[in-house]
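Worksheet: the structure to be examined is printed underneath.
Letters go in sequence order (proteins before strands), and every chain restarts at 1. Worth knowing before you read on, the calculation uses all heavy atoms, side chains too, and leaves out hydrogens, waters and symmetry mates.
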2 protein chains.
Amino acid sequence: MTKEMTIQDAFQNVMATRGDVPPKQQRVLAASLALFAEQGFSNTTTKQIAARAEVAEGTVYRRYKTKDELLAAVLAPFVSEVLPNLIEDFATNIVKRDYITRHDLIAAVIQDRLRFAQENRHVLQVLLTELLVRSDVREQLVPQVAPLLSKNLYPVLDRLKVSGELIDWPDDRIAQFMIGTMLSQLARGILANEEIESAGPMMIAFLEKGLAPES
Amino acid sequence: MTKEMTIQDAFQNVMATRGDVPPKQQRVLAASLALFAEQGFSNTTTKQIAARAEVAEGTVYRRYKTKDELLAAVLAPFVSEVLPNLIEDFATNIVKRDYITRHDLIAAVIQDRLRFAQENRHVLQVLLTELLVRSDVREQLVPQVAPLLSKNLYPVLDRLKVSGELIDWPDDRIAQFMIGTMLSQLARGILANEEIESAGPMMIAFLEKGLAPES
DNA sequence: CGTTTTGGTGAGTAATCACTCACTAAATAG
DNA sequence: CTATTTAGTGAGTGATTACTCACCAAAACG
């Protein structure tokens with residue numbers, strides 16, 4: 001029942017809210033995402049975007065007044081729609097069970113999120129790059145994502161700690177190790193042009209043992 | 001006995017080889033590294049570099065003919081001197097012991113490398129960012145780093161697998177999880193402006209359990 | 001129907017960029 | 001000493017950039 005929402009879905013969500021977006025504007029957004037992922041934001045010119053979207057350069061500036069607004073328009077729906085939906089969906093699915101094992105939790109996190117990372121790897125790559133380079137992006141996104149984890153993931157972790165299923169480390173540290181393990185797979189996908197999916201079972205086993213409580 | 005070589009040492013090594021480099025050129029390299037880390041390579045202008053190094057803009061181009069060469073000059077000594085030294089040093093220290101436990105290995109990797117990451121976090125940040133964005137950097141560095149791991153780390157891993165100290169997974173997967181765990185800490189340092197050092201013991205415990213052989 | 005609004009165009013512009021070059025200063029060589 | 005090389009300078013340059021604007025076409029409105 002997990003939603004497999006891609007960035008395209010999110011675009012359409014946002015668009016549905018604001019009336020339908022003309023097709024050429026959608027092409028501009030798609031071209032921007034593709035080029036930002038391939039070359040990075042600041043190595044991409046508005047001329048290139050116009051060329052790939054097959055529109056005039058003026059069209060690029062019709063809706064978004066600056067290149068920065070264009071970046072925001074690409075990333076914002078992902079952060080404010082896609083990501084929250086995914087996390088909340090995960091939380092409600094896990095929380096409603098009476099009893100959760102460590103394996104349940106980790107398998108759920110890894111399997112769904114790995115698919116998600118595979119589908120949205122372009123946005124993730126752009127987001128990651130800009131996080132490293134631009135402090136303004138950092139300062140906007142960190143306070144938006146952090147509470148999502150606090151509200152949805154951390155309560156589940158606490159439940160598992162109480163029932164002796166999970167090691168008693170700070171929630172943010174456990175989250176760090178889970179995210180880091182997935183990140184390593186994403187990095188591998190980018191560096192070696194490798195498929196992400198197949199490593200699932202090993203990642204689950206690794207996390208399951210690494211996060212087991214002290215015997 | 002681990003060498004704590006910083007990028008400055010590496011600069012001086014390379015400089016010693018090629019005769020002494022004039023002080024203004026060193027200032028150019030230092031200013032470049034600082035600005036690349038703060039703003040990213042392509043958001044940094046040669047004018048800014050000249051200003052921070054307090055030299056004329058022409059001086060920036062005296063030794064390095066293009067901005068790209070300047071990036072290479074900043075990254076190259078790190079990859080071709082600092083990194084190999086570190087890895088080989090680690091390997092010889094570990095290999096000469098008769099018997100290694102999983103704990104020995106992981107503690108050695110984490111403790112030394114964490115210090116290293118802390119000291120060289122600026123170069124690492126630049127390197128990481130450009131790896132995400134520029135395929136030419138990727139294609140130059142991957143084949144230079146991969147054999148280092150194959151020659152120095154993988155034999156040690158194999159020994160541990162044989163003696164039942166380590167889970168029987170492919171070497172590259174084990175390396176991935178170790179690197180990923182450290183990367184997660186680096187990411188945390190960048191995102192939250194947090195000190196890196198303190199998390200050592202938890203990272204060691206996490207990896208030690210996660211990489212234990214199946215009971 | 002005329003009028004207004006909306007989406008789209010592409011030549012044009014001011015600013016900025018990486019990079020050059022003619023030149024000076026000083027060190028080194030012979 | 002002169003001659004040559006090396007380090008450094010900063011005004012200048014052509015190319016490129018993000019962005020603008022006068023204009024057009026068609027749809028929506030009344």
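- Counting non-hydrogen atoms under 4.0 angstrom, Val55(A) reaches the backbone sugars and phosphates but no base.
- Rounded to an integer number of Å, the gap from Asp68(A) CG to dT17(D) P is 16 Å.
- Atom CD of Glu119(A) sits about 11.0 Å away from atom CG of Leu124(A), to the nearest 0.5 Å.
- With rounding to whole Å, Leu35(A) atom CG is found 16 Å from dA18(D) atom C1'.
- The NZ-P distance, from Lys24(A) to dA26(D), rounds to 12 Å in whole Å.
- Contacts of Thr44(A) with the nucleic acid, taken as non-hydrogen atoms under 4.0 Å apart, involve only primed sugar atoms and P, OP1 or OP2.
- Residue contacts shown for Thr59(A) include a base, since a base heavy atom lies under 4.0 Å away.
- Between Arg63(B) and dA7(D), a side-chain N or O to OP1/OP2 separation shorter than 4.0 Å is present.
- Considering only side-chain N and O atoms, Lys67(A) lies under 4.0 angstrom from the phosphate OP1 or OP2 of dA18(D).
- Judged by distance alone, the side chains of Arg173(B) and Gln176(B) do bring a donor and an acceptor atom under 3.5 Å apart.
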| message | Checking Met182(B) against Val109(B) for the side-chain contact (heavy atoms from CB on, under 4.5 Å) test, could you report, in this order, the C-alpha distance in whole Å, the side-chain angles of both residues, the deciding distance, and whether it holds? | response | CA-CA 10 Å; Met182(B) 287 187 281; Val109(B) 170; 3.9 Å; yes
Taking only distance into account, with no hydrogens and no angle test, what donor-acceptor pairs under 3.5 Å do side-chain atoms of residues 140-152 of chain A form with protein atoms, sequence neighbours excluded?
{"unit_1": "Ser150(A)", "atom_1": "OG", "unit_2": "Ala146(A)", "atom_2": "O", "d": "3.2"}
{"unit_1": "Asn152(A)", "atom_1": "ND2", "unit_2": "Leu148(A)", "atom_2": "O", "d": "3.0"}

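- The span of DNA chain C lying next to chain A, judged by atoms under 4.0 Å from heavy atoms, is bounded 5' to 3' by dG7(C) to dG10(C).
- Rounded to a whole Å, the OH atom of Tyr61(B) is 18 Å from the P atom of dG12(D).
- When each of His122(B), Gln125(B), Arg52(B) is checked for a side chain to side chain donor-acceptor pair (under 3.5 Å) with Glu38(B), only Arg52(B) meets the rule.
- Rounding to whole angstrom units, CD of residue Gln25(B) and P of dT6(D) are separated by 14 Å.
- Residue Arg159(A) holds its CZ atom at 8.5 Å from CD1 of Ile94(A), rounded to the nearest 0.5 Å.
- To the nearest 0.5 angstrom, Phe206(A) atom CZ is 5.0 Å from Thr181(A) atom OG1.
- Computed from coordinates, the Glu57(A) CD to dC21(D) C1' distance equals 13 Å when rounded to whole Å.
- One can place CZ of Arg27(B) at 12 Å from C1' of dG8(D), the figure rounded to the nearest angstrom.
- Atom OH in Tyr64(B) sits about 15 Å away from atom C1' in dG8(D), given to the nearest Å.
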